Amino acid sequence: MSRSLALILLLLCSCNPRPTLPEGQLDPASIGKSFQPGFLFGTATAAHQIEGGNDNDWTRWEQGSYEGGRPHIKNADQSGRATDSWNKFDQDLQLMKDLHSNAYRFSIEWSRVQPTRDTWNEAALTQYLQWAQALRQNGIEPMVTLFHFSLPKWVADQGGFESDQTVEDFDAFVRHVSQRLGGEVDLWCTLNEPNVYVTFGYVLGEWPPGKSDQKLGAEVLTKLAVAHARATKALRETDTLDADGDGRATQIGIAHHVRIFQPATQSVMDESIAGLTDDFFNESFPAAVKTGRLKISIPGTVEMDQPIDGLEGSFDFLGLNYYTRDYVRADLSDPSLSHQYVPRGRPTSDLGWDLYPEGMYLLVKRFSAYGWPIYITENGIADQAGDTRPQFLLQHLSALEKAANEGADVRGYFHWALLDNFEWAEGFGPRFGLFSVDYSDPALPRKPTPAVETFRTVADNLTVHNAGE
Amino acid sequence: MIALSVLTAAVCLAEPSARLRSTEFEAGLTGVGMAYSFRGGSFGDFTFGPSVRGQALLGGGFTLDGAYLLSVPADAQGVSTSNSLTLRAGYTGEWFQIVVGAVGQYAPEARPTTQFLPSVRAELAFTPRLRFSASLFEHYGVVPVELAWVQDRFYLGYLPPFGGSFGLRVPFGDELSLSLRAAAYKLFDSEVAMIGLAGTIGGER
């Protein structure tokens, strides 16, 4: 009996405690003093969301609708010109300079670089190379994402990442990009949010290819893990040029979307489903890279435990994309096995996402246990008015700094996003940009939001702090 | 509350105990800790609150069984407050008892606010002092499956796949006793622990 009692007491006391963060308005001058020298403080975007003029599986999806007529994209928006960043990079670079940022994460649009399997658009690759060169010349470290949700149509037509052929084609794409950009780029994200891609594309059916099949989703996640492992090998073989002189030609990771899954109540059903959701969404991919085996368990649907060649040891860092927390109420009739919501009364973004900076601390501490350096590769808020973003930014940086103070190896923070953009199925409605874009004006002018001054103050703190080291 | 009133009244109307169990009522406090684990840690909540449970043996072995737990979270940033009500009906014979019903949970802040789970307990006596019980969503619905040996004032249970439970009843006088129940188990990635202390009127002593 004493052993049982000890077990119970251990269980009750062993949970990671929720942190206490500073309350009230935070002063930007107080943020950033604990980050390590060389800390990257920048912004992030993705090709399909800002470049404009793309022709890929997403542009096809944007033209479609569900049975019943509801368009795939809210308000039937289409990415179209987006923010025309393909043609306005110089303007966007100036925005980064105005922020005093020292890093920029952007992605390479596969469909632009390789419009058919046998065609390489070298002019496009040259333009990406010029971007990387311009960034570096301005003291801005480029971090390049190689797959950020959009596929060339010819890849989508062969089954996307359901197909082994796509893994081969992605390998060839990565090698080609790496050979052209490797001299200017050291930081690579092979994949952006594979868990989100699978969840929205293969479980909820809200993104291309619009399927709802958990088993297929697990198979696609496996293919993505294989693709990541192959891409890592390709990058290490082809990018042998150390662009920043730190002695390392490549540093490779993924941008992994993480969320806090809070059981709605003490119901064992809520708890179990929250745990299973967390295991699939947050844990499965990093755990697979740590062990070399991808394990997925969805009772009654998927039981997978598969070794993947080259996966173990394929991370030099882990990128975390953190936005919010979900309350999880068990609902076995839903494809995700739960209804996820934000309780009434919580502060939320324009998209209704819970504003929970404590989650940043909890997740950074948690994933630090893997031993990889951590970059926050995305964190941001949909805030059209722009008045919530400054404190959002400071609260999340404060949480990140608390984790760093407690030993987490945090190397950088990329705010999502540099400027407003096409937010996938939500269309152009959500405004994530530090700089807003006036879509009604053909010139698509960029205007600073109040958070720009906040960002700049923190960036200056970091510069002064780093100079003093 | 109606069910509890019925149970309380039934304590006073208890029939002679020629059956496996007798009418009883108890009230106390129960704490529940739940967490799901991951590499290097876990994420969990602790709730605590009043609990009542009881059983009334009516005429002909007809049995009403009920329980209520108010779960108040220790941390306002965690799970929502919830109310769990178990209502079961069945039959108690000389050597066995079975009660069947449901656990309904109402959490005003959750969406949806209600959740229902089936709840069953069956008990079989091997000797006048040794019994075996099997139950589904027992202990206010906190324990999904429990297989237990019951001997006099003590029980020891197995909670599949990894877990255990025990209970102890210490008598005070002719009708009163103090009950301690505890359970801990792991299910998928979740770990659950429960402990409850209650005063009991009637039942086995």
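Please read all numbers here as calculations on a predicted model, not as lab measurements. Letters go in sequence order (proteins before strands), and every chain restarts at 1.
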Among [options], which residue forms the greatest number of heavy-atom pairs with chain B at distances under 4.5 Å?
| options | result |
| --- | --- |
| A/Ser267, A/Pro343, A/Ala274, A/Ala369 | A/Ser267 |
| A/Ser297, A/Pro263, A/Pro286 | A/Pro263 |
| A/Ile260, A/Leu276, A/Asp331, A/Asp270 | A/Leu276 |
| A/Tyr370, A/Tyr327, A/Tyr356 | A/Tyr370 |

So if I take each residue of residues 96-108 of chain B and look for any heavy atom under 4.5 Å from a heavy atom in chain A, which residues do I end up with?
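The stretch touches chain A at B/Gln105, B/Ala107, B/Pro108.
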
Which of residues 76-84 of chain B have a heavy atom under 4.5 Å from any heavy atom of chain A?
B/Gln77, B/Gly78, B/Val79, B/Ser80, B/Ser82, B/Ser84

Which region of [X], side chain (C-beta onward) or backbone (N, CA, C, O), has a non-hydrogen atom less than 4.5 Å from a non-hydrogen atom of chain B, or is it both or neither?
| X | result |
| --- | --- |
| A/Ala287 | neither |
| A/Phe261 | both |
| A/Pro299 | side chain |
| A/Val328 | neither |
| A/Lys290 | side chain |
| A/Glu283 | side chain |

Would you please say whether a donor-acceptor pair under 3.5 Å links the side chains of [X] and [Y]?
| X | Y | value |
| --- | --- | --- |
| B/Ser119 | B/Thr86 | no |
| A/Asp354 | A/Gln262 | no |
| A/Tyr323 | A/Glu378 | yes |

Examine A/Arg411 relative to A/Phe317 and say whether NZ or CZ is less than 6.0 Å from the centre of the six-membered ring and inside a 45° cone about the ring axis.
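No, A/Arg411 does not lie over the aromatic ring of A/Phe317.
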
B/Tyr140 six-ring face occupied by B/Arg53 cation (under 6.0 Å, within 45°):
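So B/Arg53 does make the cation-pi contact.
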
Does [X] pair with [Y] as a salt bridge, N-O distance under 4.0 Å?
| X | Y | value |
| --- | --- | --- |
| B/Arg21 | B/Asp65 | no |
| A/Arg18 | B/Asp45 | yes |
| B/Glu138 | B/Arg181 | no |
| B/Arg131 | B/Glu123 | yes |

Please examine the side chains of A/Ile273 and A/Leu332, heavy atoms only from C-beta on, and report whether any two atoms are closer than 4.5 Å.
yes

Contact between B/Pro73 and B/Asp75 at the side-chain level, heavy atoms closer than 4.5 Å - yes or no?
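The answer is no; the side chains never approach within 4.5 Å.
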
Should we count NZ of B/Lys186 as having more than 12 external heavy atoms under 6.0 Å?
yes

Near-ring test B/Trp149/B/Phe132, centroid separation under 6.0 angstrom
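So the answer is yes for these two rings.
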
Taking the six-membered ring for Trp, are A/Phe315 and A/His228 ring centroids under 6.0 Å apart?
yes

